[in-house]
Amino acid sequence: MKRQSDLYGTIWKIVRRIPKGKVATYGGVARLCGFPRHARLVGYALHNLPHGVDVPWQRVINSQGKISLPRSNGQYQRQKSLLESEGIVFVRDRVPLRLYAWSGKKVRPK
DNA sequence: AACATGACAGGTC
DNA sequence: CGACCTGCCATGT
């Protein structure tokens, strides 16, 4: 199989480091991977996540602290349930900042 | 090679 | 806080 970009592997590796009971943002994961501004790639990597691999994809949410999956088709509820079963609390569909694994500090090298 | 897409983020209004 | 626009960059057609 064509070894997809190592980027995905790196991303999955970082996502695996998000402790249970905590969450991280796409941008944050990208930053820790050493690829600032590749937030969309993180989403892409998780979307292409093969079944069976041990990656807590549900712990990654967007910068607004919300789930980035469509409410239709049960996708949204599925992720929410997984997080709640790990102790994550939602306040008006948002995860409190105190539950973030890493501070969402931004790096603006520009 | 050109163009469209996306599980995003940041800034503006 | 919400709606909108712009920047990003790997992927797929």
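A, B, ... follow the sequence lines: proteins, then strands. Residue 1 opens every chain.
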**Asked** Can you name the residues that form a side-chain hydrogen bond (donor to acceptor under 3.5 Å, both in side chains) with A/Glu84, not counting sequence neighbours?
**Response** none
**Item:** Spacing of A/Leu83 atom CG relative to B/dA7 atom C1', expressed in whole Å
**Value:** 13 Å
**Asked** With no hydrogens and no angle check, is any side-chain donor or acceptor of A/His38 less than 3.5 Å from a backbone partner on A/Pro36?
**Response** yes
Give me, pair by pair, the N or O atoms of the protein and of nucleotides 4-6 of chain B that are less than 3.5 Å apart, along with how far apart they are.
residue	atom	partner	partner atom	Å
B/dG6	N9	A/Arg40	NH2	3.1
B/dG6	N7	A/Arg40	NH2	2.9

**Request:** May I ask you to evaluate whether A/Ser68 reaches the phosphate of B/dA7, defined as a side-chain N or O under 4.0 Å from OP1 or OP2?
**Result:** no
**Asked** Taking only residues two or more places apart in sequence or in another chain, which ones pass side-chain hydrogen bond (donor to acceptor under 3.5 Å, both in side chains) with A/Gln79?
**Response** none
**Prompt:** Atom CD1 of A/Ile18 to atom C1' of B/dA7: distance rounded to whole Å?
**Reply:** 13 Å
**Message:** Any base atoms under 4.0 Å from A/His47, or only sugar-phosphate, or nothing? Heavy atoms, all strands.
**Reply:** base
**Request:** Using ring pair (Phe, Tyr, Trp, His ring centres under 6.0 Å) as the criterion, list what pairs up with A/Tyr44, not counting sequence neighbours.
**Result:** none
**Prompt:** Starting at CG of A/Leu46 and ending at C1' of C/dA10, how long is that distance when rounded to a whole Å?
**Reply:** 14 Å
**Prompt:** Got a sec, which residues hit side chain to side chain contact (heavy atoms under 4.5 Å, CB included) with A/Ala101, two or more places apart in sequence or on another chain?
**Reply:** A/Ile18, A/Pro19, A/Lys22
Report all interatomic pairs (protein N or O, nucleotide N or O of nucleotides 2-4 of chain C) with separations under 3.5 Å.
none

**Asked** What pairs with A/Ile88 under side chain to side chain contact (heavy atoms under 4.5 Å, CB included), at least two apart in sequence or on another chain?
**Response** A/Val23, A/Leu83, A/Phe90, A/Val95, A/Leu99
**Asked** Atom CZ of A/Arg31 to atom C1' of B/dC8: distance rounded to whole Å?
**Response** 14 Å
**Rounded distance (Å) that lies between atom P of B/dA9 and atom CG of A/Leu32** = 13 Å
**Asked** Atom NE2 of A/His38 and atom P of B/dA7: how far apart are they, to the nearest Å?
**Response** 17 Å
**Selected nucleotide, minimal atom distance to A/Tyr8 side chain, candidates B/dA9, B/dA7, C/dT11** = C/dT11
**Prompt:** Quick one: ring pair (Phe, Tyr, Trp, His ring centres under 6.0 Å) pairs with a partner in residues 54-73 of chain A, sequence neighbours left out?
**Reply:** none
**Complete:** Of the candidates C/dA10, B/dA7, C/dC8, the side chain of A/Arg37 sits closest to C/dC8
**Item:** Nearest-angstrom distance from the residue atom CD1 of A/Ile14 to P of B/dA7
**Value:** 22 Å
**Message:** Rounded to whole Å, please give me the gap between CD1 in A/Ile61 and C1' in B/dA9.
**Reply:** 14 Å
**Message:** Assess the residue pair A/Leu46 and A/Trp12 against the criterion (side-chain contact (heavy atoms from CB on, under 4.5 Å)); give the C-alpha distance rounded to whole Å, side-chain angles, the decisive distance to 0.1 Å, and a yes or no.
**Reply:** CA-CA 8 Å; A/Leu46 294 181; A/Trp12 298 334; 4.2 Å; yes
**Prompt:** Under the side-chain hydrogen bond (donor to acceptor under 3.5 Å, both in side chains) test, which residues partner A/Arg71, sequence neighbours left out?
**Reply:** A/Asp93
